[in-house]
Amino acid sequence: MNFETLPGFRSFFPENCFLRNYIFKTWRKSAVSYNFQEYDAPTLEPLELYKEKSGEEIVNQLFNFVDKGDRAVALRPEMTPSLARLAGAKANSLKRPIKWFSIGEQFRYERPQKGRLRSFYQFNVDILGEPGVGADAELIGCLVETLKNFGLEQDDFKIRLSDRQLWILFLKHWNVSDAHMTSVLSIMDRMARLKKDKLRSQLNEYFGDDTDSFINSVEGLMAINSESDMLSFFSQLTLSEIHKQLVDDRLSELASLMQLINSMKIGQFVTIDFSIVRGLAYYTGFVFEAFEATGEGRALAGGGRYDDLIGRLSSNAMEAVGFAMGDVTLLDLLESKKKLPEYSQNPDVMILFSEDEARDCALADAQFLRSSGIKVDYPLKRVNFSKLFKEANQRGVPFVLIYGNEEIEKGLVKLKDFQTGEEYLIDRNERELLEKLKSLL
RNA sequence: GUGGAUGUAGCUCAGUUGGUUAGAGCAUCGGUUUGUGGUACCGAGGGCCGCGGGUUCGAGUCCCGUCUUCCACCCCA
């Protein structure tokens, strides 16, 4: 029999595991530097948890089955519902704001494609229980910091910032009813990807003869990239007094958010861009996505404010804002930008010894060096010296320790630096050996 | 779920109008007389030619199906 990895799943050979660990380490470091606390939740959850949030259709895209106790269960496709349950359960006793993050494997039953697999890892960062824009700014800051920690710079990525509430007010100006709001927003989210005639026919249902002028107006909105243009755009709209007030409130919220972002010195990474809508119905405020700077490829990360969701999934309502970043798109980007660290399976020191007494000395010293945190390796079977020299050289091992009969008789050990070719004779004494090595490594 | 392309050694690929035992480079392992360097030379292992059927005296090669991977839709929490 010949078994293959299931479609959309990955096997992690050591070099892949190394990269995965690098990504996890960098994610964790970034979140911890903002004092987010790490949590985790079960990989397998009740199917209902996801139906509740996303409706019946979601089941098509889940790994779900009935377990031996007749429970309908699903491998988690995302973290947010679990987070809502965890936080909701303890909401009254947790100190606000709640700053949590997690790193975990997620599963989606979809056709695999580049940048999109059936199993992937996701970094989720959320702030719960804080309604103010300070939380939104903190998350955008953490997102920028995370990408920077991967060695990405201003030329490499951009955060596009938009606002669902302004979008809704803009659509109200076009007399979109509350009942149609979600559907129209979802078309707006896909607008850049849709062909013009398809877009027009989809919008025609809602705008009729006004479709073309609506599209025109939307294109104007999506082209805006500064606060001042935003102000003049919305001042031209005809809105009721109440809606006008709401627009003003929202614009000043946006101004406060941008001010915080500038104070954090990350303004150069963030642009206002209303082509970001986010397909999900549950977003209630500012939304943002991180993209490769030229806009190519899938979003690296996405997030926003979802103040109503936790109340729907638990008995305690709580404001929330968060973002998620997947490992697949990130790996593709880091690889194309040559920002991935190099994998090496070399030890710091390779030990070479002859038989008997020399071997006893060598193994004893090896154990000591290992317990001191030095990566030590030696051949498990007898090999001749010239072979090992050759191998150490080919692999790029930086140091070789030689325990030959010549050295042992004199109570010495020879250390060879492969970079310089220099050799040192050292007294066979654990501490001296360690110090010499540490000074060279 | 729909449409298109793809598949030969661990990797990158050859393989003639269908014709003996399917090849190369890289990688791996061993050796070039047992204590010193990336080169060089010699050698070895490694293939259900994605899988299953069909046509044929004969299929890696032609036909059908299926799966994988990739691309475009769909979707994107």
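All heavy atoms count here, side chains included; hydrogens, waters and symmetry mates do not. Residue numbers begin at 1 in each chain, while the letters A, B, ... track the order of the sequences.
For the P atom pair drawn from U69(B) and C11(B), the interatomic distance equals 15 Å after rounding to whole Å. Straight-line distance between the C1' atoms of G7(B) and C49(B): roughly 10 Å, to the nearest whole Å. Spacing between G15(B) and C74(B) at atom P, rounded to whole Å, works out to 38 Å. Separation of the P atoms belonging to G60(B) and C42(B) is 32 Å when rounded to the nearest angstrom. Rounded to a whole angstrom, the distance from the P atom of C26(B) to that of C63(B) is 35 Å. Between U20(B) and U32(B), the distance separating the two P atoms is 39 Å to the nearest Å. Here the separation of G1(B) from U17(B), taken at their P atoms, is 39 Å to the nearest Å. As rounded to the nearest Å, C13(B) and A22(B) have C1' atoms that lie 14 Å from one another.
With hydrogens and angles left out, the side chain of Arg111(A) and the base of U69(B) share no donor-acceptor pair within 3.5 Å. Within 3.5 Å, a donor on the side chain of Gln61(A) pairs with an acceptor on the base of A77(B), or the reverse. A donor N or O paired with an acceptor N or O is not found under 3.5 Å between the base of G38(B) and the side-chain atoms of Glu391(A). Not a single donor-acceptor pair, N or O on each side, falls under 3.5 Å between the base of U36(B) and the side chain of Lys390(A).
Across all strands shown, Lys387(A) has heavy atoms under 4.0 Å from sugar-phosphate atoms exclusively, and none from any base. Using a 4.0 Å heavy-atom distance criterion, Lys114(A) is classed as a sugar-phosphate-only contact. In this structure, Gln419(A) reaches neither bases nor backbone, as no heavy-atom distance under 4.0 Å exists between it and the strands shown. Using a 4.0 Å heavy-atom cutoff across all strands shown, Lys381(A) reaches sugar-phosphate atoms only and no base atom. Counting any heavy atom pair closer than 4.0 Å across all strands shown, Gln394(A) reaches sugar-phosphate atoms only and no base atom. In this structure, Pro77(A) reaches the bases: a heavy-atom distance under 4.0 Å links it to at least one base atom across the strands shown. Residue Glu423(A) is in base contact, counting any heavy-atom pair closer than 4.0 Å across all strands shown. Contacts of Gly8(A) with the nucleic acid, taken as non-hydrogen atoms under 4.0 Å apart, involve only primed sugar atoms and P, OP1 or OP2. Across all strands shown, Gly421(A) has heavy atoms under 4.0 Å from base atoms, whether or not it also approaches the sugar-phosphate. Contact annotation for Arg190(A): backbone-only contact, meaning every heavy-atom pair under 4.0 Å involves sugar-phosphate atoms and none involves a base.
Both Phe9(A) and Arg278(A) lie close to RNA chain B; mapped to their nearest nucleotides by heavy-atom distance, the more 5′-ward contact belongs to Phe9(A). Both Gln122(A) and Pro112(A) lie close to RNA chain B; mapped to their nearest nucleotides by heavy-atom distance, the more 5′-ward contact belongs to Pro112(A).
Applying the 4.0 Å criterion to OP1 and OP2 of C74(B), one finds that Lys198(A) has a side-chain N or O inside that range. Residue Gln113(A) places at least one side-chain N or O under 4.0 Å from the OP1 or OP2 atom of A72(B).
Residues Ser275(A) and Met191(A) have side chains not in contact (no heavy-atom distance under 4.5 Å, counting atoms from C-beta outward). Between Phe418(A) and Val397(A), the closest side-chain pair of non-hydrogen atoms is not below 4.5 Å.
Taking atom NZ on Lys416(A) and atom C1' on G35(B), their separation rounds to 11 Å, with Å as the unit. Atoms OH (Tyr50(A)) and C1' (C75(B)) sit 18 Å apart, rounded to a whole Å. For Asn60(A) and C76(B), the CG to C1' distance is 14 Å, given to the nearest whole Å. When rounded to the nearest whole Å, the span between CZ of Arg116(A) and C1' of C71(B) equals 15 Å. Atom CE in Met191(A) sits roughly 16 Å away from atom P in C75(B) (whole-Å rounding). The CD-C1' distance, from Glu422(A) to G37(B), rounds to 16 Å in whole Å. Separating the CZ atom of Arg164(A) from the C1' atom of A77(B) is a distance of 12 Å, rounded to the nearest angstrom. Protein atom CD of Glu406(A) is 14 Å distant from nucleotide atom C1' of U34(B), rounded to whole Å.
A centroid separation of less than 6.0 Å is found between the aromatic rings of Phe353(A) and Tyr378(A).
Within the 3.5 Å criterion, the main-chain N or O of Pro81(A) finds no donor-acceptor partner in the side chain of Arg85(A). Checked by atom type and distance alone, the side chain of Arg96(A) pairs as donor or acceptor with a backbone atom of Ala91(A) at under 3.5 Å. Side-chain atoms of Asn124(A) do not come within 3.5 Å of backbone N or O of Met79(A) as any donor-acceptor pair.
One side chain, Glu105(A) or Ser119(A), offers a donor N or O that lies under 3.5 Å from an acceptor on the other.
Checked against A77(B), C74(B), U36(B), the side chain of Leu194(A) finds its nearest nucleotide in C74(B).
Of the nucleotides present, none pairs with U17(B) by Watson-Crick or G-U wobble criteria with both distances under 3.5 Å. C41(B): Watson-Crick or G-U partner is G31(B), with both key distances under 3.5 Å. The pairing partner recorded for G3(B) is C71(B), the criterion being a Watson-Crick or G-U wobble arrangement whose two distances lie under 3.5 angstrom.
Each of Arg428(A), Arg370(A), Arg359(A) was compared with Asp365(A) under the salt bridge (Lys or Arg N to Asp or Glu O under 4.0 Å) criterion, and only Arg428(A) meets it.
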